[in-house]
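The figures here come from the full heavy-atom set of this structure, side chains too, leaving out hydrogens, waters and symmetry mates. Model, not experiment: these values are computed from the prediction.
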Amino acid sequence: MDYVPHFRREIAALEDAVRRAADAAPPVPSCPGWSMSDLLAHLGHVHRYVIHVIEQRVAAPPNPTDRAFLDLPTDTRGWPVPEQAPAHGPVPTSLIDWFADGAATLESLFSSRNPDEPAWTWSQEQTVGFWARMQTIEAAVHRWDAENALGTAEPIDDELAADAIEQNFTVMAPFRRARTQAPPGLGERIRLRRTDGDDIWTVHFDGDTVRLIDRAEPRHVELIGTASDLMLFLWQRIPADELLGVVGPRAVLDRYFTLVPPM
């Protein structure tokens, strides 16, 4: 998949939502404790971090106390302070502009660099392509967050959502389990069936292992919905009750977010 067009579209929609809400900086219900300013500052920080990793070809995680790579403007009055979230008051224009500049730089890097170019990541895949995929998915989720705060959330693009579901089970879920020392799986098998395409994902939790298995394998519980809704459920943006269907014992499904805790 070419992630650049998706990244560009999601960032443009996110920026549009923020500018429409800039005077009020409403709370973001899907990100408890954040306002629109906190959301924008978070994603802008992540973008600058990834820019630094790719441009400087770092071989290890950047020093978290070094803020030089953020390239902050001289005047940051009214910007959110993480320790004091949520930030109240209007979203500063300087924050929006700083975010837009960073996103444009990151898009340019994704467009100009070979996806196979080596780059440090927190995953086993150490490539620029990993970051392009990861940041496009993150941009889509946070675009939805911003629009949802305004009551105007559009679904995630179906192609991107389907890719994100696969990425969740092959990359994010194992990482989150290892990071949070999640309890061992007891053989749970959860199937996701999209209604706007032919994709079916069956994930198996066995001890410390989480892996996709053949779609025809038996399952304990099955979730039915559009690719967008299934993705948003996995990212804890919507509850299972908002999907088109849940087949099987809810106890197995209720255990899912214990097996794959949020980051």
First locate atom [atom1] of [X], then atom [atom2] of [Y], and finally report the distance between them rounded to the nearest 0.5 Å.
{"X": "His204", "Y": "Arg189", "atom1": "NE2", "atom2": "CZ", "result": "4.5 Å"}
{"X": "Met231", "Y": "Ile165", "atom1": "CE", "atom2": "CD1", "result": "8.0 Å"}
{"X": "Glu217", "Y": "Ile200", "atom1": "CD", "atom2": "CD1", "result": "13.0 Å"}
{"X": "Gln167", "Y": "Leu160", "atom1": "CD", "atom2": "CG", "result": "10.0 Å"}

Could I get the full list of salt bridge (charged side-chain N to carboxylate O under 4.0 Å, His left out) partners for [X], not counting sequence neighbours?
{"X": "Asp208", "answer": "none"}
{"X": "Arg176", "answer": "none"}
{"X": "Asp198", "answer": "none"}
{"X": "Arg177", "answer": "none"}

Taking the side chain as everything from C-beta on, heavy atoms only, tell me whether [X] gets closer than 4.5 Å to [Y].
{"X": "Leu192", "Y": "Phe233", "result": "no"}
{"X": "Arg194", "Y": "Asp158", "result": "yes"}
{"X": "Pro92", "Y": "Asp75", "result": "no"}
{"X": "Tyr3", "Y": "Asp163", "result": "yes"}
{"X": "Ile11", "Y": "Glu107", "result": "no"}
{"X": "Leu109", "Y": "Val128", "result": "no"}

Non-hydrogen atoms of [X] and [Y] that approach each other most closely:
{"X": "Pro174", "Y": "Thr170", "answer": "CG-O, 3.9 Å"}
{"X": "Arg143", "Y": "Ala13", "answer": "CG-CB, 3.7 Å"}
{"X": "Arg191", "Y": "Ala216", "answer": "NH2-C, 3.8 Å"}
{"X": "Trp34", "Y": "Ala85", "answer": "CD1-CB, 4.4 Å"}
{"X": "Ser37", "Y": "Leu95", "answer": "O-CD2, 3.8 Å"}
{"X": "Glu147", "Y": "Ala17", "answer": "CG-CB, 4.1 Å"}

Check the side chains of Glu125 and Thr127 for a donor-acceptor pair under 3.5 angstrom, ignoring hydrogens and angles. yes
Among side-chain atoms of Asp38 and Ser35, is any donor-acceptor pair under 3.5 angstrom? yes
Please list every donor-acceptor pair under 3.5 Å in which a side-chain atom of residues 254-263 meets a protein atom from a residue at least two apart or in another chain.
residue	atom	partner	partner atom	Å
Arg255	NE	Glu188	OE2	2.5
Arg255	NH2	Pro184	O	2.8
Tyr256	OH	Asn168	ND2	3.4

Any donor-acceptor N/O pair, Gln126 side chain to Ser123 backbone, under 3.5 Å: yes
Is a side-chain N or O of Thr105 found less than 3.5 angstrom from the main chain of Asp101, in a donor-acceptor match? yes
My understanding is that only residues two or more places apart in sequence, or in another chain, count here; which of them pass side-chain contact (heavy atoms from CB on, under 4.5 Å) with [X]?
{"X": "Asn63", "answer": "Thr65, Asp66"}
{"X": "Arg9", "answer": "His6, Asp157"}
{"X": "Pro118", "answer": "none"}
{"X": "Arg237", "answer": "Ser30, Cys31, Val141, His142, Trp144, Asp145, Leu232, Trp235"}

More than 12 non-hydrogen atoms from neighbouring residues, nucleotides or ligands closer than 6.0 Å to CZ on Arg19, yes or no? yes
Taking the six-membered ring for Trp, are [X] and [Y] closer than 6.0 Å centroid to centroid?
{"X": "Phe7", "Y": "Phe110", "answer": "yes"}
{"X": "Phe130", "Y": "Trp122", "answer": "yes"}
{"X": "Trp201", "Y": "Phe169", "answer": "no"}

Can you list, pair by pair, the side-chain donor-acceptor contacts under 3.5 Å of residues 221-230, counting residues two or more places apart and other chains?
residue	atom	partner	partner atom	Å
Glu222	OE1	Arg219	NE	3.2
Glu222	OE2	Arg193	NE	2.7
Glu222	OE2	Arg193	NH2	3.4
Thr226	OG1	Asp229	N	3.0
Ser228	OG	Ile156	N	2.8

Could you walk me through whether Leu72 and Trp79 satisfy the side-chain contact (heavy atoms from CB on, under 4.5 Å) test, starting with their C-alpha distance in whole Å, then the side-chain angles of each, then the deciding distance to 0.1 Å, before giving a yes or no? CA-CA 11 Å; Leu72 298 173; Trp79 282 40; 3.7 Å; yes
Tell me, with the steps shown, if Ile190 and Phe205 meet side-chain contact (heavy atoms from CB on, under 4.5 Å). CA-CA 9 Å; Ile190 300 175; Phe205 295 92; 4.3 Å; yes
Could you pull out all residues at least two apart from Asp16 that satisfy side-chain hydrogen bond (donor to acceptor under 3.5 Å, both in side chains)? Arg20
Donor-acceptor pairs are to be reported for all side-chain atoms of residues 39-57 against protein atoms at under 3.5 Å, with residues two or more places apart or in another chain.
residue	atom	partner	partner atom	Å
His42	NE2	Glu138	OE2	3.2
Arg48	NH2	Trp98	O	2.7
Arg57	NH1	Glu117	OE2	3.1

Applying the 4.5 Å side-chain criterion to the ILVMFWY set and letting contacts propagate, would Met172 and Leu212 be lumped into a single cluster? no
